[in-house]
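Report on the structure given below.
Chain A is the first sequence line, chain B the second, and so forth, proteins listed ahead of strands; every chain is numbered from 1.
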Protein chains: 2
Amino acid sequence: MIRIVIAEDHQSLIDGIKLSLQNELDIQVIGEANDGEALIDLVRLKEPNVVITDIRMPKLDGISATRIIKTEFPTIDVIGFSMFDQTDAVAQMRDAGASGYIMKNSSLATLVEAIRTVAKKKSFFDSNLMIEKNTSLTEEIILSKRELEILRLIGEGNSSVEISELLFIGKATVDTHRKNILKKLNMHGKNDLVRYAVERKYDFT
Amino acid sequence: MIRIVIAEDHQSLIDGIKLSLQNELDIQVIGEANDGEALIDLVRLKEPNVVITDIRMPKLDGISATRIIKTEFPTIDVIGFSMFDQTDAVAQMRDAGASGYIMKNSSLATLVEAIRTVAKKKSFFDSNLMIEKNTSLTEEIILSKRELEILRLIGEGNSSVEISELLFIGKATVDTHRKNILKKLNMHGKNDLVRYAVERKYDFT
DNA sequence: AAAAAAATCCCTACAAGTAGGGATTTTTAA
DNA sequence: TTAAAAATCCCTACTTGTAGGGATTTTTTT
């Protein structure tokens, strides 16, 4: 029996995962936490086999939490998961000692596979992750300087026109950059860029 | 001389604040941090008079950082600041021991005033904050259950149509809720709701 | 110096959210 | 039980971003 705990500040997502795992008889959800600190407490209390944790959480983020967990309990396997394919986040989770990484839009099958794989002491990184596709997992700087700049401004809440005024370029240029960013990140849809920019507010270089 | 440190994961914002404070001769920025853990280290090292910290930061968030700082250095005054008027965040910062709270879109004058006020051991909470306007600062539940639900779904990246399908209601209804939420939060503009929903991913009740 | 990458700008069409109205039904609270 | 609040739905007009093209100039890199 694989005993797991889930950490995710979004309760509805936890509920979804729990529901999804109900049919997997060898996997048991023994606890859940809504922030990093609660996760640490929970792990100390229950000592699960596998921890599934969001990157971005209140109080303590998933990366720091993973570091602490792996220091105290090296045998516990941690799977990180987040909304987007953030190369840096994946690398940081790996450095922190995580055994796996999946994305929130991954299928149930992927989730289950990830849990079983890490429980067998193997690592599992979602095949959708860009980091897996390209060999060089160190410097994978996909976005150009200008694109990063524009992404940052999007995250700050600026519209294309506002950005064009801030950077003294045309609105059309900003739109082109947006499209290129979307293409590079393999995203579609209306608000994805905004969400991505805000979500990854981390590590803008 | 008021010695302050700034914590904010968005370097450009730190730069902006520093620039703004250059002309204030009695205020000196003696350090900056891009995450909660770095902030704690910095405070221990430099022991400033005032700390200005973002709520949402990698590793350790502003609320937890404030709690730690106030435990170790009760005389240091902390000012929280964030993008939006999150009633819960303000309350939590207050509980953690913060002396003030301002919003990122506050004017420079407000920022300077806040710093000087807390340095005088008085508390400063931005007059724009809803919490200040309404007397009952405990339960200030502005958004209805349905509105919160929709806001959550927006944060998860769903469009109005998708939300309407998820909740078995019409698209028009979702739009109305959006408009009401915007009105209640006093927001305008295209992506504000998305950004707000993602930013406040915290504490959805 | 030549090729590749990045940055700049324009076009049309379409989808989605905002802003301003209005209106009805269902819940909740006094 | 009756007001008040919440939730439901519809209308038109407008703005903004996405998707699909194309094209030119400026920087890098080889």
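- Counting only distance, with no hydrogens or angles, the side chain of B:Arg3 and the backbone of B:Lys46 share a donor-acceptor pair below 3.5 Å.
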With the criterion being N/O to N/O and under 3.5 Å, what pairs connect the protein with nucleotides 9-13 of chain C, and how long is each?
unit_1, atom_1, unit_2, atom_2, d
C:dC9, OP2, A:Gly170, N, 2.3
C:dC9, OP2, A:Thr173, OG1, 2.8
C:dC9, O5', A:Thr173, OG1, 3.3
C:dC9, N4, A:Thr176, OG1, 2.8

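- If you take CD1 on A:Ile163 and CG on A:Leu167, they are separated by 7.0 Å, rounding to the nearest 0.5 Å.
- Rounded to the nearest 0.5 Å, atoms CD1 (B:Ile79) and OG1 (B:Thr117) are 8.0 Å apart.
- When B:Asn49, B:Val43, B:Val29 are each tested for a side chain to side chain contact (heavy atoms under 4.5 Å, CB included) with B:Val5, only one passes: B:Val43.
- Between the C1' atom of C:dA19 and the NE2 atom of B:His177 lies a distance of 17 Å, rounded to the nearest Å.
- The two atoms that bring A:Ile102 and A:Leu111 nearest to each other are CD1-CD1, 3.5 Å, heavy atoms only.
- Taking a cutoff of 4.0 Å between a charged side-chain nitrogen and a carboxylate oxygen, B:Glu113 and B:Arg116 do not qualify as a salt bridge.
- The rotation axes computed at either terminus of the helix from C:dA1-D:dT30 to C:dA30-D:dT1 lie 70° apart, taking five pairs at each end and rounding to 10 degrees.
- Going from atom CG of A:Asp175 over to atom C1' of C:dA7 covers 14 Å, rounded to whole Å.
- In this structure, the CZ atom of A:Arg195 is 16 Å from the P atom of C:dA16, given to the nearest Å.
- Comment: A:Asp175 engages A:Lys171 in a salt bridge, judged by a side-chain N to carboxylate O separation of less than 4.0 angstrom.
- Rounded to whole angstrom, the span from the CZ atom of B:Arg146 across to the C1' atom of C:dT26 amounts to 12 Å.
- Looking at which nucleotide of DNA chain C each of B:Lys145 and B:Val161 is closest to, the 5′-most match is held by B:Val161.
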### Task
Begin from the C-alpha positions of B:Arg152 and B:Glu149 and carry the test salt bridge (Lys or Arg N to Asp or Glu O under 4.0 Å) through to its verdict.
CA-CA 5 Å; B:Arg152 207 193 61 220; B:Glu149 195 173 13; 5.1 Å; no
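- Annotation for A:Lys121: atom NZ counts as buried by contact number, over 12 foreign heavy atoms lying within 6.0 Å.
- In this entry the distance linking CZ of B:Arg178 with P of C:dG17 reads 5 Å, nearest Å.
- In this structure, A:Ile163 places its CD1 atom 12 Å from P of D:dT16, rounding to the nearest Å.
- When distances run from any side-chain atom of A:Ser160 to the nucleotides D:dA7, C:dA7, D:dG17, the shortest one goes to D:dG17.
- In this structure, the NZ atom of B:Lys183 is 12 Å from the C1' atom of C:dG22, given to the nearest Å.
- Put simply, CD1 on B:Ile181 is 12 Å from P on D:dT8, counting in whole angstrom units.
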